[in-house]
Number of protein chains: 2
Amino acid sequence: MLQLALPRSVSIREVGPRDGLQIEAPVPTADKLAMLAALAATGLSRIEATSFVSARAVPALADAEQVAQALHQWPEVTWSALVASTRGAQRAIAAGISNLEYVISASQAHGHANVGRSSAESLALTDEIATITHESGGTLEVIIATAWDCPFAGPTAIATTADIARESIASGADALCLGDTIGTTTPVRVLDLLAAVGDVADGYDVGVHFHNTRGTGIANALAAIQAGVTSLDASVGGLGGCPFAPGASGNIATEELVYLLDGCGIESGVDLDGLLAAGAVTQRAVGHDLPSSLYRAGGRPRPLGPPAK
Amino acid sequence: MLQLALPRSVSIREVGPRDGLQIEAPVPTADKLAMLAALAATGLSRIEATSFVSARAVPALADAEQVAQALHQWPEVTWSALVASTRGAQRAIAAGISNLEYVISASQAHGHANVGRSSAESLALTDEIATITHESGGTLEVIIATAWDCPFAGPTAIATTADIARESIASGADALCLGDTIGTTTPVRVLDLLAAVGDVADGYDVGVHFHNTRGTGIANALAAIQAGVTSLDASVGGLGGCPFAPGASGNIATEELVYLLDGCGIESGVDLDGLLAAGAVTQRAVGHDLPSSLYRAGGRPRPLGPPAK
């Protein structure tokens with residue numbers, strides 16, 4: 001009998017307030033804070049609160065400072081923010097968020113579209129961003145965008161992504177995350193890249209960030225977990241997408257990932273019913289139906305009792 | 001480095017014309033035949049064409065005889081039909097379809113809602129249905145509905161489903177299929193049930209039939225494939241649902257399954273672009289958007305070339 005190699009527990013990072021909201025019409029800050037409160041109540045221990053990027057490029061997250069100011073209300077959560085530059089890191093730290101994600105695109109074309117820089121130019125900033133992050137007492141994770149595929153250039157060579165992983169660590173990154181930015185990868189490719197990155201990042205946490213654009217996101221998560229990954233990004237309701245990656249769509253839904261984990265006996269510390277409640281708050285905030293199948297199905301099955309005659 | 005245990009090839013049975021259409025408003029027969037033609041053109045070698053059940057219970061498939069009459073146009077496909085009674089089997093065979101699927105619910109409550117019979121009462125008919133199927137030169141597969149969970153009664157005991165599997169084979173079934181009727185199972189439960197059924201069905205093909213109601217359908221398919229399953233049901237566009245299982249929703253989408261298999265180097269013989277074309281025909285036939293994420297994303301990524309400045 002086959003038994004899947006599965007860990008006892010995994011850690012989910014909720015990215016809905018950042019990756020989920022960044023492509024939405026701007027949501028009032030008060031509605032965002034209601035969403036954060038609902039997410040914090042689920043038991044999620046890591047939440048990406050916002051990003052400190054250009055308000056012109058991502059108007060939906062222009063209120064990053066106001067959001068950051070409110071986070072002290074939920075000290076049980078490790079809050080983080082995404083940055084794309086030294087200036088963004090300085091802004092985040094000044095606003096009180098010291099655990100940062102810094103994005104480097106493995107694809108030159110996506111890097112130029114996303115932040116106006118080549119991979120090498122983004123990598124060159126890592127040292128300085130790591131230094132100021134560490135001086136503030138925080139940690140720096142490098143998220144490698146288009147780690148598998150680029151919307152402009154097609155497949156990314158495994159060696160290219162692995163090189164960025166190696167150089168990110170050499171430049172001071174404390175952890176890595178592999179981003180399937182346009183939701184194209186599949187389980188065997190997940191394992192192949194994880195193996196290559198694992199070789200150059202021995203001893204460092206390597207997480208995964210999947211989109212469900214082609215329906216394979218949760219299967220990719222299962223494969224990654226089988227390969228030993230214990231850090232996974234997910235977004236409440238399956239919101240998400242990159243404004244600078246045409247064809248990107250929702251992240252894997254946090255509630256679908258938790259349902260999978262619960263069913264497999266893997267602890268996440270996250271309450272599924274709480275996530276559905278947070279989904280309702282999120283749906284009101286964004287003003288349209290959420291893509292998550294589980295959310296639309298109403299969560300776990302609740303046996304109806306004998307059918308009507 | 002982890003390598004997934006994966007087969008060289010799998011066989012997909014397209015169930016859209018039956019499971020997909022049965023909960024839709026009735027589609028004109030001509031539109032169904034356009035859908036079958038488009039599906040046959042994809043390379044799918046097994047397609048469930050319709051079901052021979054009460055037209056009152058399932059009005060959408062009341063034209064089973066007319067559909068069956070047309071199937072000789074596509075001799076490269078192994079066509080099958082679902083039946084729920086001896087009378088249905090006789091109708092299917094008279095209409096020229098000799099490969100039959102007979103449904104037995106593992107749950108008493110679902111069996112009563114679905115066909116007005118207990119599991120034992122359904123099992124008692126298997127012998128006769130197998131005999132008339134074999135006399136016509138066909139094969140009989142027993143699909144065990146609510147193999148994991150019942151919408152009325154909750155979880156189905158593994159031993160209950162395994163008992164039905166054993167007795168189905170003893171009564172003449174040539175193959176089995178495990179149905180996750182309301183889309184609730186998860187990978188470890190998939191493996192647990194497959195192991196138990198494999199023990200009592202040694203040497204018989206055991207397929208799987210997953211719904212994606214809670215977002216885990218493709219991950220369940222991946223787990224089943226890892227466990228050695230090579231017969232999988234899927235529905236074009238992710239249509240589907242049981243009219244007598246409240247909360248059921250779409251089957252796993254054929255194009256998402258093929259995308260997963262292609263990405264993993266597993267042959268299915270099915271052309272993904274052909275499936276998207278069949279999806280377009282299906283969407284016109286049913287008159288509403290299909291649930292499949294891959295269909296909505298437009299299929300495989302097509303690199304856009306350098307972004308506009």
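Letters A, B, ... mirror the listed sequences (proteins, then strands); counts begin at 1.
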Do you know which of [options] has the most heavy-atom pairs under 4.5 Å to chain A?
options	result
Ser293(B), Gly198(B), Gly299(B)	Ser293(B)
Pro291(B), Cys264(B), Pro155(B)	Cys264(B)
Arg300(B), Arg189(B), Glu255(B)	Arg300(B)
Ile218(B), Leu6(B), Asn212(B)	Ile218(B)
Leu261(B), Asp262(B), Thr186(B)	Thr186(B)

For Ala227(B), is it the side chain, the backbone, both, or neither that has a heavy atom closer than 4.5 Å to a heavy atom of chain A?
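Backbone plus side chain of Ala227(B), per the 4.5 Å heavy-atom cut-off to chain A.
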Between [atom1] on residue [X] and [atom2] on residue [Y], distance to nearest 0.5 Å:
X	Y	atom1	atom2	answer
Leu2(B)	Asp192(A)	CG	CG	10.5 Å
Leu222(A)	Asn220(B)	CG	CG	8.5 Å
Thr216(B)	Leu257(A)	OG1	CG	11.5 Å

Would one find more than 12 heavy atoms of other residues, nucleotides or ligands at under 6.0 Å from atom CZ of Arg302(A)?
yes
Counting heavy atoms not belonging to Arg56(A), are there more than 12 under 6.0 Å from its CZ?
no
For residues [X] and [Y], report the shortest heavy-atom separation together with the two atoms involved.
X	Y	value
Pro303(B)	Ala153(A)	CB-C, 4.0 Å
Thr213(B)	Ala297(A)	O-CB, 3.6 Å
Glu256(A)	Arg214(B)	CG-O, 3.6 Å
Pro301(B)	Ile182(A)	CB-CD1, 4.4 Å

Please flag which part of Ala109(A) lies under 4.5 Å from any non-hydrogen atom of chain B: side chain, backbone, both or neither.
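Contact with chain B involves both backbone and side-chain atoms of Ala109(A).
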